[in-house]
Amino acid sequence: MAKQLDYHTIREIFRRFQAAEPEPKGELEHVNAYTLLVAVALSAQATDAGVNKATRALFKVADTPEKMLALGEEGLTEHIKTIGLFRQKAKNVIRLSRILVEQYDGEVPSSRAALQALPGVGRKTANVVLNMWFEQPAQAVDTHIFRVGNRTGIAPGKDVAAVERAIEDHIPAEFQRHAHHWLILHGRYICTARKPRCGDCIIRDLCPYEEKTL
DNA sequence: ATCCCGAGGG
DNA sequence: CCCTCTGGAT
C-alpha cells in the first residue's frame, strides 16, 4: 500500500487521464437502467467482455424485469452459463426482478438504500448504478480501483471502504465524475494485476510502484 | 473467513 | 497449470 499522494500530483495525474480520454465510458453493454443493473450484478468476479457476450442475446429477449420473469430462472441460467457464479446470479436476478415489478412498478430505484436492499446488489453495484445512470457522486471500488489506488497512492486504503473515502477526499472535485472509469480503464489495460505495462503508462514518472517490468 | 464458479490470459 | 475478472451473502 503506497503512501497517499499529494494534491498537486493527483491533479496532474487526472489532467493526463483527461487529456488521453476526455469522456471515459464503461464497457458493460446495456440499453436502459434495468439492463445496466443486471449487467453490473452479473459482472461480479467476471470480465466485462464475458458478461457482454452473454447479455447481448439475453437482453434481446429480456430487457425489462417483466420479460425477465417471463423468461424464468431456467431460461436465464441457459443464457448466463458461461459467466462465473451463474447459479447464484440467476437466482438473484429473478428475485430482484420480482421486487422491481411488485414494489417499484418495474422501475429501478434511485436511492442507495433501495438498490442495496435488492438481492445480489451490494454497495459496489449500487454505486455503479448511482454513478452511471443517476449521475450521482458515488465511487464504486472494484478490484481494479482497489489495486490502482493502492499501487499509485492516488487512493490507498487497507479495505474497500478506506479506498472509497480516499477517492472522495483526495481526488479534485472536477475529476470526481469520471474518476471511476479512468481508474478502471487504467487498471484493466495498463496497471494490470499480474504484469503491469509500466512501459505504456502515462503516469509512470509520478508513480511510486516499483515493479516496473516490461 | 469462506463459498460461489466459468472463461481467458500468461 | 495458476491467477484474475467492475462482489455479495453467510
Side-chain angles (χ1 to χ4, degrees), chain A residues 17 21 24-30 33 35-58 73 76-97 99 108 112-134 136-152 154-155 157-164 166-167 171 176-200 211 213-214:
Chain A
F17 283 153
E21 193 73 55
K25 296 208 161 140
E27 299 181 333
L28 266 185
E29 297 172 12
H30 59 281
T35 50
L36 172 63
L37 173 63
V38 172
V40 178
L42 293 178
S43 74
Q45 300 299 101
T47 61
D48 278 8
V51 172
N52 289 339
K53 195 185 294 185
T55 58
R56 226 114 60 189
L58 172 64
E73 187 175 329
L76 171 57
T77 300
E78 284 307 308
H79 276 280
I80 66 173
K81 260 186 181 162
T82 54
I83 304 174
L85 314 180
F86 68 92
R87 276 182 277 266
Q88 310 223 64
K89 288 172 180 174
K91 214 173 288 287
N92 284 334
V93 168
I94 293 299
R95 291 172 52 205
L96 160 168
S97 299
I99 294 173
V108 174
R112 185 206 307 299
L115 286 167
Q116 283 190 223
L118 299 170
V121 179
R123 187 177 182 86
K124 183 262 170 183
T125 299
N127 278 343
V128 173
V129 173
L130 289 171
N131 183 317
M132 287 183 66
W133 194 263
F134 296 108
Q136 290 180 36
Q139 292 295 344
V141 178
D142 65 2
T143 180
H144 294 301
I145 293 181
F146 186 80
R147 180 180 65 251
V148 174
N150 276 301
R151 270 187 189 162
T152 60
I154 291 172
K158 64 184 190 309
D159 54 37
V160 171
V163 171
E164 186 175 324
I167 289 173
I171 294 179
Q176 286 273 339
R177 166 152 276 144
H178 294 308
H180 176 71
H181 285 129
W182 278 321
L183 292 172
I184 266 214
L185 274 318
H186 188 64
R188 183 174 297 161
Y189 296 112
I190 304 294
C191 197
T192 51
R194 219 188 293 185
K195 202 177 86 174
R197 306 164 133 197
C198 298
D200 296 329
E211 191 178 315
T213 50
L214 198 124

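Each chain gets a letter, A, B and so on, in the order its sequence line appears, and its residues count up from 1. Computed from a prediction, not measured in an experiment: that's the story for all the values here.
- Within the nucleic acid shown, A:G120 comes within 4.0 Å of sugar-phosphate atoms alone, with no base atom in reach, counting heavy atoms only.
- Atom NE2 of A:H144 and atom C1' of C:dG7 are 13 Å apart (whole Å).
- Rounded to whole Å, the distance from CG on A:N52 to P on C:dC5 is 17 Å.
- Residue A:V51 is out of contact with every strand shown, counting any heavy-atom pair closer than 4.0 Å.
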Close N/O contacts between protein and nucleotides 6-8 of chain B (under 3.5 Å):
{"residue": "B:dG8", "atom": "OP1", "partner": "A:K53", "partner atom": "NZ", "Å": "2.8"}

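- A:V51 places a side-chain heavy atom less than 4.5 Å from the side chain of A:T55.
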Evaluate A:N131 against A:R177 for side chain to side chain donor-acceptor pair (under 3.5 Å), listing each step before the verdict. CA-CA 8 Å; A:N131 183 317; A:R177 166 152 276 144; 5.9 Å; no
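- One can place CG of A:N92 at 19 Å from P of B:dC3, the figure rounded to the nearest angstrom.
- What separates NZ of A:K91 from C1' of C:dG8 is a distance of 15 Å, to the nearest Å.
- When heavy atoms are screened at a 4.0 angstrom cut-off, A:L118 is found touching the sugar-phosphate backbone but no base atom.
- As rounded to whole Å, 21 Å separates atom P of C:dC5 from atom CD1 of A:I80.
- Proximity of A:T125 to the phosphate of C:dG8: a side-chain N or O atom is located under 4.0 Å from OP1 or OP2.
- Judged as a salt bridge (charged side-chain N to carboxylate O under 4.0 Å, His left out), the pairs with a partner in residues 113-125 of chain A (not counting sequence neighbours) are, in order, A:R123-A:E164.
- For A:T47, there are no side chain to side chain donor-acceptor pair (under 3.5 Å) partners at least two apart in sequence or on another chain.
- Between A:T125 and the choices A:L118, A:L37, A:L115, the side chain to side chain contact (heavy atoms under 4.5 Å, CB included) rule is met once, by A:L37.
- Side-chain contact between A:H30 and A:V40: absent, with no pair of heavy atoms (C-beta onward) separated by less than 4.5 Å.
- Note on A:G187: nothing from the nucleic acid sits closer than 4.0 angstrom, heavy atoms only.
- Contact of the A:V108 side chain with the A:W133 side chain is not registered, since no non-hydrogen atoms from C-beta on lie closer than 4.5 Å.
- What separates CG of A:L28 from C1' of C:dC5 is a distance of 12 Å, to the nearest Å.
- Residue A:L42 contributes atom CG, which lies 12 Å from atom P of C:dG8 at whole-angstrom precision.
- Atoms CD (A:Q88) and P (B:dT2) sit 17 Å apart, rounded to a whole Å.
- For the P atom pair drawn from C:dT10 and B:dC5, the interatomic distance equals 15 Å after rounding to whole Å.
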